[in-house]
Amino acid sequence: MTPCRLSWPSPGDFSRPPELNQADDHGALQRPRGRAALAEDMGRAGHFPHPQRGSPYPSGRIHMGHVRNYAMGDVVARFMRARGFNVLHPMGWDAFGMPAENAAIANKVHPRQWTYANIEAMRSQLKSMGLSLDWTRELATCDPGYYKHQQKMFLDFLRAGLVERKQSKVNWDPVDQTVLANEQVIDGRGWRSGAPVEQRELTQWFFKITAFSDDLLAALDRLERWPEKVRLMQQNWIGRSEGLRIRFALDPETTPSREKELEIFTTRHDTLFGATFMAISPEHPLAAAAAKSNPALKSFIAETRRTGTAEALIETAEKLGFDTGIRAIHPFEPARKLPVYVANFILMEYGTGAIFGCPAHDQRDLDFVNKYRLPVIPVVCPDGQDPAAFRITDTAFEGDGFMINSCFLDGMRVAEAKEEVARRLERERRDGRPVGERQVQYRLRDWGISRQRYWGCPIPIIHCETCGIVPVPDRDLPVKLPEDVDFDRPGNPLDRHPTWKHVRCPSCGGPARRETDTMDTFVDSSWYFARFTDPWIETAPTNREVVDTWMPVDQYIGGIEHAILHLLYSRFFTRAMRATGHIGLDEPFAGLFTQGMVVHETYRTADGTHAEPAEVEIKVEGDRRYAVLAATGEPVEIGPIEKMSKSKRNTVDPDDIMGTFGADTARWFMLSDSPPERDVIWTEEGVQGAGRFAQRLWRLVNDIAEITAAEARPGKDRQAALEIRRDAHKTLDKVTRAIEDLRFNTAVAFMYSQANLLEMAVRDAAGRGGATAAEQAALREAGDMLVKLFAPMMPHLAEECWAGLGHTSLVAEEPWPTLDKTLLIEDTVTLPVQVNGKKRADVTVARDAGQPDIEAAVLELEAVRRALAGKAPKKVIVVPQRIVNVVA
RNA sequence: GCGGACGUGGCGGAACCGGUAGACGCAAGGGACUUAAAAUCCCUUGGGGGCAACCCCGUGCGGGUUCAACUCCCGCCGUCCGCACCA
């Protein structure tokens with residue numbers, strides 16, 4: 001492909017910049033390499049930057065969040081390429097999911113049609129950004145050519161024991177007769193029907209992510225290029241805790257039929273003597289047994305199912321309990337009988353679904369106890385407190401201390417008491433088993449992947465009445481989604497399809513039916529990075545030689561909202577792929593960066609509706625800033641700055657922005673204003689400023705081209721030329737390090753400064769009647785360098801500038817400039833001088849001046865003498881190359 | 001509720017490992033150019049005091065450590081994100 005170059009304006013006309021971004025397929029800007037390059041790629045050092053939305057959901061239009069994400073990824077890609085790395089920079093589509101089905105229901109459009117139309121639209125939008133992507137690797141997860149491999153891996157995982165079926169809860173809409181996602185449950189009701197949601201148990205497919213709990217946790221320490229906060233969030237999510245399982249005997253007189261004991265899990269066995277009640281989950285078998293003869297309890301349990309399945313809702317709901325009448329016997333004090341409650345905040349998924357409650361040392365237990373008027377026994381006394389006077393009323397004491405009211409534990413520290421309780425209960429046996437057993441418990445639950453929806457990857461399983469669960473043979477993959485489906489009725493179209501699910505059993509040939517659940521779309525996005533390394537191979541999910549060469553992804557860039565689920569699932573999936581021979585490593589992402597969102601002001605009209613930024617005109621009068629509707633002049637209230645969203649109507653359309661300002665300006669602004677990990681506020685003024693700077697660069701480059709092409713002014717003074725070179729190399733050094741650390745906003749600031757300096761240098765030389773030969777050489781070097789520095793961020797403008805400086809190559813293919821370190825070293829150094837920690841003066845000394853020389857020079861300073869008022873300083877602290885502090 | 005972050009001028013932010021707080025940009029004000037406007041260029045711009053030199057205060061709030069704190073420690077307040085079927 002030949003580079004498409006835009007015309008340089010006629011000589012002398014430098015008032016207008018070139019029309020930017022007309023050429024979408026700048027040859028070297030977008031880098032298709034294709035399958036033929038696979039062998040070549042493997043022989044070279046690889047760098048694999050990957051936008052986390054490297055497979056965005058094809059919603060129809062890109063939004064500014066995409067622009068920011070891809071701009072960052074592209075800077076890294078271009079920067080690394082310039083530094084000699086072979087870069088894999090792919091793009092694809094995470095194309096399954098609910099919005100396609102919603103569109104199908106709302107607009108009678110087939111999900112496939114809707115999705116592919118969106119992909120077309122978004123691809124062309126992305127291309128106008130000038131991203132250096134390898135489009136030959138493009139993939140869509142809804143393509144049978146992709147999900148075929150996913151089905152294969154599902155079966156491999158099944159054979160490896162990493163898949164299982166078990167019961168789990170879903171949100172059930174009793175009117176629509178359908179399963180709802182958490183986001184479809186609003187205030188406990190189905191979003192479409194408005195009917196109160198119920199929890200329902202379904203048998204579903206799970207990936208056994210808990211098989212890797214320990215490793216997923218331990219390996220976090222080795223992910224050195226991940227943000228600490230993400231590692232911490234994952235650590236807490238996995239939630240390893242060491243505790244004790246304790247079997248409480250139940251008082252037979254209070255207990256239904258065969259139930260003899262209640263097993264609980266605790267991490268606070270030191271507080272066992274402080275236990276005043278037991279609590280079990282509404283789904284606990286004991287709760288069900290007790291409810292059989294207790295209608296009130298039965299309806300209480302039914303009521304708890306109304307909350308839906310979202311943990312945030314369960315946890316924030318009012319804490320409710322119901323006394324079952326059952327009494328548990330305290331393991332150390334058989335005379336003490338503890339009431340067993342069913343409580344709506346005990347999760348069956350964690351531990352044994354049962355706890356003992358120690359209100360004095362757990363806030364939630366205390367709140368519960370205060371509500372149901374149960375006793376509180378403090379058993380841990382804070383250090384320095386008088387145990388006799390220590391009372392707990394509204395605030396539980398959760399810290400360390402010494403044991404009280406605890407029989408043989410009294411006086412011990414918390415840790416000692418835990419150990420003693422564990423030791424005693426381990427020794428004590430009942431029915432041939434120890435009463436207490438130490439256990440490592442994880443909060444992490446297995447990954448339920450079943451979805452009762454059409455637009456997802458079919459789970460390749462056949463249910464046979466005689467053979468049971470039969471995997472679809474590899475030769476029959478992919479199990480394709482049927483095309484002829486209707487969305488007229490709620491529920492899963494696969495389930496009610498007239499023919500699709502009826503098949504012969506591959507094992508016995510008898511009548512059987514297909515699994516109608518499809519996979520969670522998180523599965524699709526848990527391995528696309530691996531597929532990108534060889535998306536052409538048809539016989540296997542990955543080409544081992546290729547995938548092991550490229551992986552892991554060097555730099556993954558995405559939003560913090562993915563900190564846990566997507567990233568943890570991908571880490572699991574990679575391990576599972578390794579266990580089944582599809583990849584040779586555990587960790588998919590060596591470097592992770594979490595970017596902030598793009599936010600914007602909101603505008604509210606008098607009638608309470610939101611107005612779009614494009615409809616609003618901002619006016620400024622002195623200090624007062626206000627908004628009106630552009631069409632009518634009607635005043636508009638400027639609301640809070642919020643994440644761009646359709647509902648708040650505070651979005652700006654990347655197409656509009658790029659059409660008005662050009663892609664380079666949009667990219668530059670996205671990178672310039674805020675640190676990349678923080679939210680960036682989209683403002684019209686900000687993007688205009690970025691546009692002005694693009695124009696300034698253009699003029700500057702033209703001025704440099706002009707002054708260096710003119711005849712050199714005779715002269716021997718090399719100082720000016722040296723200064724130009726020093727500034728250029730200092731900037732190179734700073735920008736390089738900033739981009740290495742992904743501090744794009746500071747890289748931008750350094751380039752602004754350098755442009756200021758270069759403009760001044762050009763003007764100074766012009767004022768002297770032209771540049772000397774030495775200055776011309778220095779300006780040429782500095783000009784080339786500046787263009788190379790901003791090229792990763794504004795690729796189109798950079799190509800034009802590069803050509804304008806007389807080069808015939810493409811700057812996108814040029815190496816990064818080489819730093820001359822000798823230019824960074826100055827002969828003298830200026831140190832700030834403080835008196836008692838406050839800056840009073842500067843002192844300039846030789847770079848290698850010794851401490852006594854610096855001290856002497858500092859004490860001579862007028863400001864220092866004034867501050868000391870004739871007295872001798874107490875101390876003079878000299879931090880070499882940094883600062884001097886005089887302590888008066 | 002649990003977990004995680006963030007808080008610096010009028011605004012976005014900078015400050016490497018505890019060492020000059022406010023780089024750079026935006027906005028605003030003043031000036032130059034222009035018949036005029038736009039564009040461009042120059043100057044000013046944290047608050048207070050002073051003719052000036054210069055001084056005092058200042059990084060959400062309250063304490064602490066240090067020669068020195070935006071940075072470290074303790075306690076608050078506020079905002080945002082995640083919570084397993086949104087992607």
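Per chain, numbering begins at 1; letters A, B, ... match sequence-line order.
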Report which part of the nucleic acid [X] touches: base, sugar-phosphate, or nothing (heavy-atom distance under 4.0 Å, all strands).
X      : result
A:F522 : base
A:G239 : nothing
A:L444 : base
A:R692 : sugar-phosphate
A:E684 : nothing
A:W447 : nothing
A:Q184 : nothing
A:A690 : nothing
A:V833 : nothing
A:A563 : nothing

Please produce a list of atom pairs where a protein N or O lies less than 3.5 Å from an N or O of nucleotides 5-14 of chain B.
residue, atom, partner, partner atom, Å
B:G7, OP1, A:R678, NH2, 3.3
B:G12, O2', A:D673, O, 3.0
B:G12, O2', A:S674, OG, 3.0
B:G13, O3', A:N745, ND2, 3.4
B:A14, OP1, A:N745, ND2, 3.1

Exercise. Strictly under 6.0 Å, is that where the ring centroids of A:F345 and A:F368 end up?
Worked result: yes
Exercise. When the ring centroid of A:F693 is compared with that of A:Y752, is the distance short of 6.0 Å?
Worked result: yes
Gap in Å between the two [atom1] atoms, one belonging to [N] and one to [M], rounded:
N     : M     : atom1 : value
B:A27 : B:U40 : P     : 10 Å
B:G9  : B:A5  : C1'   : 24 Å
B:G13 : B:C80 : P     : 16 Å
B:U20 : B:G29 : P     : 34 Å
B:C76 : B:C2  : P     : 13 Å

Look at [X] and [N] and indicate whether a side-chain polar atom (N or O) is within less than 4.0 Å of OP1 or OP2.
X      : N     : answer
A:N182 : B:C83 : no
A:R443 : B:C83 : no
A:R451 : B:C85 : yes
A:N836 : B:A68 : no

Exercise. What residue among A:T518, A:I459, A:N492, A:V170 forms side-chain contact (heavy atoms from CB on, under 4.5 Å) with A:R451?
Worked result: A:T518
Across all strands shown, which nucleotide pairs with [N] by Watson-Crick or G-U wobble geometry, both distances under 3.5 Å?
N     : answer
B:C72 : B:G64
B:A5  : B:U79
B:A36 : none
B:U59 : none

Is a side-chain N or O of [X] found less than 3.5 angstrom from the main chain of [Y], in a donor-acceptor match?
X      : Y      : answer
A:N344 : A:E318 : yes
A:H562 : A:G559 : no
A:N236 : A:G239 : no

Problem set entry | Qualifying residue, where the test is side chain to side chain donor-acceptor pair (under 3.5 Å) with A:Q204 and the options are A:K166, A:Q452, A:R165 | A:Q452
For this session: Quickly work out the A:L567 CG to B:G82 P distance and round it to whole Å.
Result: 14 Å
Problem set entry | Length of the line joining A:K874:NZ and B:A68:P, which is rounded to integer Å | 11 Å
Exercise. Taking the nucleotide of RNA chain B with the closest heavy atom to each, which residue, A:Y752 or A:T521, is nearer the 5' end?
Worked result: A:Y752
Exercise. Considering heavy-atom distances to RNA chain B, does A:K839 or A:D446 have its closest nucleotide positioned more toward the 5' end?
Worked result: A:K839
Exercise. When you check the side-chain N and O atoms of A:D446 and A:T210, is any donor under 3.5 Å from an acceptor?
Worked result: yes
Between the protein and nucleotides 52-58 of chain B, which nitrogen or oxygen pairs come in under 3.5 angstrom?
residue, atom, partner, partner atom, Å
B:C54, O3', A:R866, NH1, 3.4
B:C56, OP1, A:R840, NH2, 3.4
B:C56, OP2, A:R840, NH1, 3.3
B:C56, OP2, A:R840, NH2, 3.3
B:C57, OP2, A:K838, NZ, 2.9

Exercise. Could A:R231 and A:W226 be counted as a cation-pi pair, given that NZ or CZ must be under 6.0 Å from the ring centre and within 45° of the axis?
Worked result: no
Problem set entry | RNA chain B contacts among residues 753-763 of chain A, heavy-atom distance under 4.0 Å | A:S753, A:N756, A:R763
